[in-house]
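This report concerns only the one structure given below.
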Amino acid sequence: MPSSKKIEEILDYIKECSPGQDEFYQASQEVLYSLRPLLNEDSRYLEQNILERIVVPERSIIFRVNWVDDVGKIQTNLGYRVQFNSAIGPYKGGLRFHPTVNLGIVKFLGFEQIFKNALTGLQIGGAKGGSNFDPKGKSDNEVMRFCQAFMSELYKHIGNKRDVPAGDIGVGAREIGYLFGQYKKLTGEFEGVLTGKGLNWGGSKARKEATGYGSVYFAENFLNAYDNDLKGKRCTISGSGNVAIYTIEKLYEFGALPISCSDSRGTIYHEKGIDLETLKAIKEINHESLEAYASLHTDAIYTPVSHYPTDGHAVWHIACDIAFPSATQNELTLTDAKVLEKNGCILINEGANMPTTAEALEYIRESKMLFAPGKAANAGGVATSQLEMSQNASMAQWSFEEVDIKLRTIMQNIFKTAYDTSVEFDCEGDLVTGANIAGFRKVADSMIDQGSV
Ligand code: NDP
Ligand code: 2IT
């Protein structure tokens, strides 16, 4: 059967069996379409039914999480862990706590994670999890009780050689601490079952910074391949969480000028450059809205969400050389992509997972703009998580510089793998194709080696 017919069959199957899981469908469509040149060249993947197998998670766990709020009332949320693929290593991927979390979101993230993790060159399988719990507006004690209740079910399914969760949106050092404490209490084991741990109890130096730093290393590698670099470039960044903050920090080190950030309520445009210390104080310490930034810096412009363009986002309407979408999925629309192009943007570097809509992606791939897909550009976080696992396994702790040098090398290798694969398949610089084929090939070959498991 020709590969395009098979791909359409599988996409129909996904639509039928996963109704309403739009983000999972979007992620599957992008990966499957870009595999066409590989499937046409190597018949083993269709003969062995790899596509049918790879789009179905090995296991999806959905559970009830009951916890007691500060006024003594029992609250209920849903918990998820989708263990998607373990062909090349134990399941690995973050946990997201956000009111928008549902099975479709967790499946899209878990599916992307399979190929991202394979691209790192490390032995980690793909998984994702989370809950529709909203940490915003909750007290520390409520967050702690929620994390304990969540882990009271999850601990049955994870382990340092089985499945190693980490952070994502709404899950940072505080949540990882509470989750780890509960795992240890329930199992009696002090083991590297989570990454992103505190530095006093098994965490890796530079894990907190790794996704943002890695995203910038990736952009520099990409630009260097086209005789360009980050120095002096005006960069717009969306988000103001873990990924955005450390993207901004590293951009300054490369001599670039980060001029924006955003949160779920609005966007900051600061022409002379984002003040990193103010941003960290507002977001990492005080957990405030970015409106506070504008009141401290009167030369910065704050645009609330209610003033955004009807089908776009204010942050992408600021003229820039490079855009770093680093907040959430589908935050960069077709309208935004056209405005970025008109304003002379040369590179869109995805720090978030699938921040670009399918329509915008199609447009960008036809344009002259360079495009770095998230599964390559933001893989520095999970790669450093694996470095944390290595340190835990040998009871070692490496210096910040050691970890950072390894991260730089890994990002360089990921770029080279995606770029070389694009050249191999006659689409030089199309890193969507390059990254998807390179990640898929490693996982699919391992599935073939391991038989019908
Ligand atoms: P954080 O929770 O630290 O920050 C998320 C940021 O995005 C916040 O500024 C938040 O605004 C904003 N945001 C979240 N959801 C929405 C939404 N629906 N609409 C508008 N803004 C939103 O998360 P991270 O920085 O860790 O994650 C950001 C992205 O990077 C996600 O796509 C994640 O999957 C991806 N990623 C993260 C990695 C990691 O190691 N942490 C690794 C690889 C990818 P507000 O403060 O108002 O909530
Ligand atoms: O999307 C991602 O790669 C992450 N949230 C990090 C996962 C991890 O296991 O560190």
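Here the shortest heavy-atom pairing between Leu119 and Ala435 reads CD1-CB, 3.8 Å. Nearest heavy atoms, Lys197 versus Gly192: NZ-CA, 4.0 Å. Of all non-hydrogen atoms in Pro37 and Phe425, the two that sit nearest each other are CB-CD2, 3.6 Å.
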Practice task
Report the C-alpha distance between His98 and Asn132 in whole Å, list the side-chain angles of each, state the deciding distance to 0.1 Å, and finish with yes or no for side chain to side chain donor-acceptor pair (under 3.5 Å).
Solution key: CA-CA 5 Å; His98 194 270; Asn132 60 354; over 6 Å; no
Practice task
Could you please spell out the steps behind the side-chain contact (heavy atoms from CB on, under 4.5 Å) verdict for Ile364 and Ile348?
Solution key: CA-CA 9 Å; Ile364 294 162; Ile348 297 170; 3.5 Å; yes
Problem - Test side-chain contact (heavy atoms from CB on, under 4.5 Å) applied to Asn378 and Lys116, step by step - result: CA-CA 8 Å; Asn378 73 35; Lys116 181 196 303 194; 2.8 Å; yes
Handout entry: Intermediate values then yes/no, salt bridge (charged side-chain N to carboxylate O under 4.0 Å, His left out), Asp263 and Lys283
Key = CA-CA 10 Å; Asp263 63 15; Lys283 285 294 173 184; 2.8 Å; yes
Exercise for the section: Under the salt bridge (charged side-chain N to carboxylate O under 4.0 Å, His left out) rule, what do Glu30 and Lys375 come out as? Steps first, then yes or no, please. Expected result: CA-CA 12 Å; Glu30 182 216 293; Lys375 63 170 73 68; 3.3 Å; yes
Exercise for the section: With side chain to side chain donor-acceptor pair (under 3.5 Å) as the test, would you mind laying out the steps for Thr76 and Asn66 before giving the verdict? Expected result: CA-CA 5 Å; Thr76 301; Asn66 284 346; 2.9 Å; yes
Problem - Worked verdict on Gln113 versus Tyr91 for side chain to side chain donor-acceptor pair (under 3.5 Å) - result: CA-CA 10 Å; Gln113 201 83 41; Tyr91 306 110; over 6 Å; no
Exercise for the section: Any chance you could lay out the side-chain contact (heavy atoms from CB on, under 4.5 Å) test for His313 and Ser238, step after step, and finish with the verdict? Expected result: CA-CA 9 Å; His313 298 83; Ser238 66; over 6 Å; no
Exercise for the section: Give the C-alpha distance, both sets of side-chain angles, the deciding distance and a yes or no for side-chain contact (heavy atoms from CB on, under 4.5 Å) between Tyr293 and Ile274. Expected result: CA-CA 10 Å; Tyr293 186 103; Ile274 293 291; 4.0 Å; yes
Practice task
Go through the steps to decide whether Gln26 and Asn330 satisfy the test side chain to side chain donor-acceptor pair (under 3.5 Å), and finish with yes or no.
Solution key: CA-CA 10 Å; Gln26 181 185 341; Asn330 291 327; 2.9 Å; yes
Handout entry: CA sep, side-chain torsions, deciding dist, call: Phe190, Phe180, ring pair (Phe, Tyr, Trp, His ring centres under 6.0 Å)
Key = CA-CA 9 Å; Phe190 192 112; Phe180 184 80; 5.1 Å; yes
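At least one cation-pi condition fails for Lys138 and Phe97: the charged atom is not both under 6.0 angstrom from the six-membered ring centre and inside a 45 degree cone around its axis. Taking the centre and axis of the six-membered ring of Tyr213, the NZ or CZ atom of Lys250 falls inside the cone set by 45° and 6.0 Å. Annotation: cation-pi pair Arg174/Tyr178 absent, no NZ/CZ under 6.0 Å from the ring centroid and within 45° of its normal.
For Gln48 (side chain) and Ile448 (main-chain N/O), no donor-acceptor pair under 3.5 Å exists by modelled atom type. Side-chain atoms of Ser18 do not come within 3.5 Å of backbone N or O of Lys15 as any donor-acceptor pair. Judged by distance alone, with hydrogens and angles left aside, the side-chain atoms of Gln391 form a donor-acceptor pair with the main-chain N or O of Leu387 at under 3.5 Å. With hydrogens and angles ignored, the 3.5 Å screen pairs no side-chain donor or acceptor of Gln21 with any backbone N or O of Leu103. Judged purely by atom type and a 3.5 angstrom limit, Glu16 has no side-chain atom pairing as donor or acceptor with the backbone of Tyr13. Between the side chain of Arg145 and the backbone N or O of Val68, at least one donor-acceptor pair lies under 3.5 Å. Between the Thr211 side chain and the Gly380 main chain, no donor and acceptor come within less than 3.5 Å of each other.
One distance of note links CG of Asp69 with CG of Asn141; it measures 11.5 Å at 0.5 Å rounding. Taken from OG1 in Thr357 to CG in Asp336, the straight-line distance is 8.0 Å, to the nearest 0.5 Å. Atom CD1 of residue Ile54 and atom OG of residue Ser28 lie 10.5 Å apart, to the nearest 0.5 angstrom. Atom CG of Asn392 and atom CH2 of Trp201 lie 10.5 Å apart (nearest 0.5 Å). Here Asp404 contributes atom CG and Arg408 contributes atom CZ; the two are 6.0 Å apart, rounded to the nearest 0.5 Å. Of the inter-residue distances, the one linking Arg59 atom CZ with Ser86 atom OG reads 7.5 Å to the nearest 0.5 angstrom.
Using a 4.5 Å heavy-atom threshold, the side chains of Thr421 and Thr433 count as separate. Side-chain atoms of Leu95 and Leu179, non-hydrogen and from C-beta on, do get closer than 4.5 Å to each other. Leu279 is not listed as a side-chain neighbour of Ile268, based on a closest heavy-atom distance of 4.5 Å or more. For the pair Ile105 and Tyr80, the minimum side-chain heavy-atom distance is 4.5 Å or more. In this structure, the side chains of Leu154 and Pro165 come closer than 4.5 Å at one or more pairs of heavy atoms. Side-chain atoms of Gln182 and Cys147, non-hydrogen and from C-beta on, never get closer than 4.5 Å to each other. Here the side chains of Ile248 and Phe324 are not in contact, with every heavy-atom distance at 4.5 Å or above. Side-chain atoms of Phe440 and Leu51, non-hydrogen and from C-beta on, do get closer than 4.5 Å to each other.
Taking a 6.0 Å sphere around CD of Glu253, one finds it holds more than 12 heavy atoms contributed by other residues, nucleotides or ligands. More than 12 heavy atoms of other residues, nucleotides or ligands lie within 6.0 Å of CZ in Arg44, so this atom counts as buried by the packing criterion. Counting heavy-atom neighbours within 6.0 Å of Glu288 CD, excluding the residue itself, gives a total above 12.
A salt bridge links Lys6 with Glu52; the closest basic N to acidic carboxylate O contact falls under 4.0 Å. Under a 4.0 Å N-O distance rule, the pair Lys156/Glu153 qualifies as a salt bridge.
Just one of Val315, Leu290, Ile245, Thr247 meets the side-chain contact (heavy atoms from CB on, under 4.5 Å) condition when paired with Cys261; it is Leu290. The only member of Lys92, Lys128, His157 that meets side-chain contact (heavy atoms from CB on, under 4.5 Å) when paired with Gln83 is His157. Partner Leu223 forms a side-chain contact (heavy atoms from CB on, under 4.5 Å) with one of Asn349, Asp321, Leu347 and no other, that one being Leu347.
Side-chain contact, Thr335 with Asp311: a donor N or O sits under 3.5 Å from an acceptor N or O. Judged purely by distance below 3.5 Å, without hydrogens or angles, the side chains of Tyr183 and Gln148 never pair a donor atom with an acceptor atom.
Using cut-offs of 30° and 60° for the angle between ring planes, the Phe150 and Phe63 rings count as tilted. Using cut-offs of 30° and 60° for the angle between ring planes, the Phe115 and Phe111 rings count as perpendicular. Ring geometry for Phe222 against Phe415 counts as tilted: the plane angle lies between 30° and 60°, on a 0 to 90° scale.
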